[in-house]
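Predicted model only: the values in this text are computed from it and were never measured. Index from 1, following the sequence.
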Amino acid sequence: MANNSVQIRKKGNLTLPVTLRRKYNVDEGDVFTLIDMGDGSFLLTPRVSKVNQLAGKVKKMLEEEDLSLEDLLNTLDDERQRYYQAHYEND
């Protein structure tokens, strides 16, 4: 584990060294959680969007089943139609 120095700049901006940004694929706009460890130490961890996590799972499932996004949307349309018929058509 290497030590890296960072400096707090105007408005509290913190710049991560380029070696770490490249190593961990950190891009402008990425969101992190800063945890105050209570003794003057901080822990900075990437906060991954739940939407991105779910999208990744859906993508993997589609690839495993050899389905396209169009297949998924067509199935969704079919399921909506069945739901509507079951719950609202007899009213």
Are Leu69 and Val58 in one and the same hydrophobic cluster, where Ile, Leu, Val, Met, Phe, Trp and Tyr link if side-chain heavy atoms are under 4.5 Å apart? yes
Donor-acceptor under 3.5 Å (Asn74 side chain, Asp71 main chain): no
Shortest non-hydrogen separation from Asp30 to Asn25 and the atoms involved: OD2-O, 3.9 Å
Please determine whether the number of non-hydrogen atoms from other residues, nucleotides or ligands lying under 6.0 Å from atom CG of Asp66 exceeds 12. no
Hey, what do you get for CG (Leu67) to NZ (Lys59), rounding to the nearest 0.5 Å? 14.5 Å
Determine the minimum heavy-atom distance between Phe42 and Asp36, stating which atoms define it. CD2-CA, 4.1 Å
Applying the 4.5 Å side-chain criterion to the ILVMFWY set and letting contacts propagate, would Leu72 and Tyr83 be lumped into a single cluster? no
Atom of Ser5, atom of Pro17 and distance for their closest heavy-atom approach: O-CG, 4.3 Å
ILVMFWY cluster, Leu34 and Leu43 together (side-chain gap under 4.5 Å): no
CD of Gln85: more than 12 outside heavy atoms within 6.0 angstrom? yes
Suppose we screen for ring-ring contact (aromatic ring centres under 6.0 Å, His included). Which residues come up paired with Tyr84, at least two apart in sequence or across chains? Tyr88
Please identify each residue that fulfils side chain to side chain contact (heavy atoms under 4.5 Å, CB included) with Leu54, with sequence neighbours left out. none
Can you tell me if Glu64 has over 12 outside heavy atoms packed within less than 6.0 Å of its CD? yes
Any salt bridge (Lys or Arg N to Asp or Glu O under 4.0 Å) involving residues 75-86? Give me the pairs, sequence neighbours left out, ordered by first then second residue. Asp77-Arg80, Glu79-Arg82
Would you say Arg21's side chain and Leu16's backbone share a donor-acceptor pair under 3.5 angstrom? yes
